[in-house]
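Let me begin by presenting the structure, written as structure tokens, before commenting on it.
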Amino acid sequence: MAFLRGVDSHVVIVGCGISGIAAAQKLTQHGFKHVHIIEATGRSGGRIKTATFGNAIVEIGANWIHGPSQENPVFRLACKYGLLEKQAMSEENQQLDVGGHPPFKPNWFSSSGNKLGPELTEPVTELFMNCLMKSQEFQEAEREPLPSVGEFIKREIAQDMAGWKDDARTRKLKLAMMSMLLKLECSVSGTHTMDRVGLGAYGLYRTLPGLDCTFPGGYEGLTDAMMKELPKGIVSYNKPVKCIHWCDSYSQAASSEKTFPVVVECENGETFPADHVIFTVPLGYFKKHYDTLLSPPLPLSKVHSIQRMGFGTNNKIFLEFEQPFWEPDCEVIYFVWEDESSVVDVVPDVQRFWMKKLFGFTVLKPTERYGHVLCGWIAGHESEYMEFLSEAEVKDSITQVIRRFTGNATITPKRIMRSAWYHDPYTCGSYTYVAVGCSGFDIDIIAEPLPLKESHSKPLQVLFAGEATHRSFFSTTHGALLSGWREADRLIAHYAPSSFSEKHSSKL
Ligand code: 6YU
């Protein structure tokens with residue numbers, strides 16, 4: 001039988017986000033001739049999604065390059081395509097190491113309409129950041145003292161409080177500030193509450209040096225530039241995949257010249273035969289559809305890891321104003337609810353008080369480019385509930401909150417727009433976190449190709465990429481990109497002469 005050379009094999013990639021595009025890029029550059037991407041929606045980019053808001057360009061999905069320095073492939077590509085500003089590419093910017101928390105200049109407001117000064121906010125922030133850093137230290141430890149990051153931080157704060165000399169009012173206010181910082185972490189981790197984020201595995205996520213930067217022309221410029229390097233017509237759009245039939249389970253016409261081990265079936269009945277499929281759908285979508293997406297079904301080990309891993313919601317609310325109510329150098333605005341006198345990151349009555357989960361806003365800079373535009377951040381079930389409301393209802397609630405916190409009853413946003421990632425049918429949330437009870441092995445198991453190693457069937461039929469499959473950069477664009485390259489490399493290595501000779505040496 002003639003040896004099927006890699007370049008002649010048929011590869012179908014499901015999903016045209018950055019991981020799918022990256023896999024296609026690497027395979028086509030390597031000479032693979034039959035690579036095809038099938039995408040459920042009418043566009044490329046997935047969770048990299050840029051939109052216009054008035055005269056401004058805003059990001060509905062990914063916002064920053066986290067850690068823009070040489071080890072970050074998104075940064076390298078963005079530089080190659082000329083998509084970044086000089087300052088972001090400077091050596092100085094690349095060398096700054098801020099451990100994933102850029103030191104944005106804050107303005108703090110409280111629910112009684114007061115501004116909070118640095119004498120109060122700085123020690124609270126410092127204590128909170130110390131607790132957060134300590135939370136990352138248990139990855140190598142034999143045991144974790146508590147199951148979740150949320151419980152650990154709350155315990156650390158309670159222990160520190162024993163030494164506080166403040167009066168009762170200040171003490172209460174400090175705890176309310178801690179609650180706000182915990183809600184901020186819910187947005188960072190993309191979770192409903194930090195009580196769901198596993199303490200033992202929290203240190204798995206690796207930050208890179210470089211002060212986070214944005215794309216002045218929009219993040220989508222990156223995926224657009226990558227798409228331009230792919231052969232024309234490589235993507236079939238508006239074709240949601242219904243099922244991947246692997247293990248020769250789909251009967252193919254006897255007249256076909258060649259039979260394929262895998263057949264990708266779309267919702268519209270169309271089928272795409274393949275030697276290999278690279279599956280890149282978001283973990284949120286996978287959690288919802290894993291029982292019907294593959295036939296034969298996924299092995300139980302994979303199902304359990306998919307169920308165990310976390311995938312939550314983090315949404316943005318953009319607001320435009322005639323005039324700023326923040327200081328000119330302000331980069332982030334924090335809202336502290338003074339009635340939260342114990343450290344909490346969930347809202348008891350979501351329908352009435354969902355807006356209390358919004359920790360605050362980042363200020364879109366520079367003003368000459370954006371005007372006076374804020375981006376509000378809200379995570380969790382409160383964020384999912386917000387998606388059910390009309391934009392007018394969201395605008396009304398947020399306007400009331402801003403008026404209360406600033407003490408200015410006339411402030412009215414000109415324009416509003418919000419994301420709705422939970423109800424996006426092909427994402428079902430925002431990004432991955434390592435939940436309580438999970439470890440890096442769950443990520444490895446999700447990433448393991450089918451058939452599993454112990455099986456004797458033809459290898460590498462279904463491969464898995466996407467941000468959720470990257471052990472240290474899950475939840476990021478660079479994690480997604482690297483996962484796409486990883487799976488392309490796996491196929492390339494599979495057909496490489498050395499692996500060919502190794503596999504066949506016993507027969508020679
Ligand atoms: C980053 C950032 N950022 C904010 C918000 C979001 C995300 N991320 P894709 O989903 O792109 O592609 C899959 C495709 O599959 C898609 O096109 C689907 O339509 C398609 N599909 C699905 N089902 C299908 C079917 N049945 N058939 C066919 N096709 C199908 N990342 O680097 N910087 O600032 C942010 C942010 C609101 C929603 C982000 C950020 C995450 C990235 O956007 C995301 O990882 C990648 O784009 C995913 O690419 P992909 O190809 O895998 O999937 C300590 C510790 C804590 C750990 N966390 C640290 C925090 C870091 C995360 N950061 C944050 C947040 C922001 C602000």
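All ligand and atom numbering here is 1-based and tracks the order in the structure.
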In terms of side-chain geometry, is the basic nitrogen of Arg206 or Glu71 positioned less than 4.0 Å from the acidic oxygen of its partner? yes

Does Asp195 pair with Lys154 as a salt bridge, N-O distance under 4.0 Å?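 Looking at Lys154 together with Asp195, the answer is yes, because their closest N to O distance falls below 4.0 Å.
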
Going by the rule salt bridge (charged side-chain N to carboxylate O under 4.0 Å, His left out), which residues pair with Lys49 if we only count those two or more places apart in sequence or in a different chain?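 Counting only residues at least two positions away or on another chain, Lys49 forms no salt bridge (charged side-chain N to carboxylate O under 4.0 Å, His left out).
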
Which option, [options], owns the non-hydrogen atom nearest [atom]?
| atom | options | value |
| --- | --- | --- |
| atom 30 (C) of ligand 1 | Ala40, Gly45, Ala468 | Ala40 |
| atom 26 (N) of ligand 1 | Tyr285, Tyr219, Tyr426 | Tyr285 |
| atom 46 (C) of ligand 1 | Gly466, Pro282, Gly484, Ala480 | Ala480 |
| atom 21 (N) of ligand 1 | Thr476, Leu293, Val281 | Val281 |
| atom 62 (C) of ligand 1 | Ser44, Ser189, Ser475, Ser187 | Ser475 |

Minimum-distance protein heavy atom relative to [atom]:
| atom | result |
| --- | --- |
| atom 59 (C) of ligand 1 | Tyr205 CZ, 3.4 Å |
| atom 9 (P) of ligand 1 | Arg47 NE, 3.6 Å |
| atom 13 (C) of ligand 1 | Thr280 O, 3.6 Å |
| atom 25 (C) of ligand 1 | Val241 N, 3.6 Å |

Before you tell me yes or no, could you show the steps for Tyr237 and Ser44 under side chain to side chain donor-acceptor pair (under 3.5 Å), namely the whole-Å CA-CA distance, both residues' side-chain angles and the distance that decides it to 0.1 Å? CA-CA 8 Å; Tyr237 292 104; Ser44 312; 2.6 Å; yes

Is Arg47 positioned over the aromatic face of Tyr426, cation under 6.0 angstrom from the ring centre and no more than 45 degrees off axis? no

Sub-4.5 Å side-chain heavy-atom contact between Phe474 and Leu283: no

Can you confirm whether Cys375 sits close enough to Glu59 that some side-chain heavy atom of one is under 4.5 Å from a side-chain heavy atom of the other?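 Sidechains of Glu59 and Cys375: no contact.
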
Closer than 4.0 Å to some heavy atom of [X] - which atoms of ligand 1 meet that?
| X | result |
| --- | --- |
| Val14 | 27 (N), 28 (C) |
| Trp377 | 67 (C) |
| Pro240 | 27 (N) |
| Trp421 | 37 (C), 38 (C) |
| Gly46 | 11 (O), 16 (C), 17 (O) |
| Val188 | 58 (N), 59 (C), 60 (C) |
| Tyr202 | 54 (C), 55 (C) |

Min heavy-atom dist Ser419 to ligand 1 below 4.0 Å: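 For ligand 1, residue contact (heavy atoms, under 4.0 Å) with Ser419 is absent.
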
So for Thr41, does at least one of its heavy atoms come nearer than 4.0 angstrom to any atom of ligand 1?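 The answer is yes, since Thr41 has a heavy atom less than 4.0 Å from ligand 1.
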
Which pair of heavy atoms, one from Glu39 and one from Arg43, lies closest together, and at what distance?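 So the two residues come closest at CG-O, 3.4 Å.
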
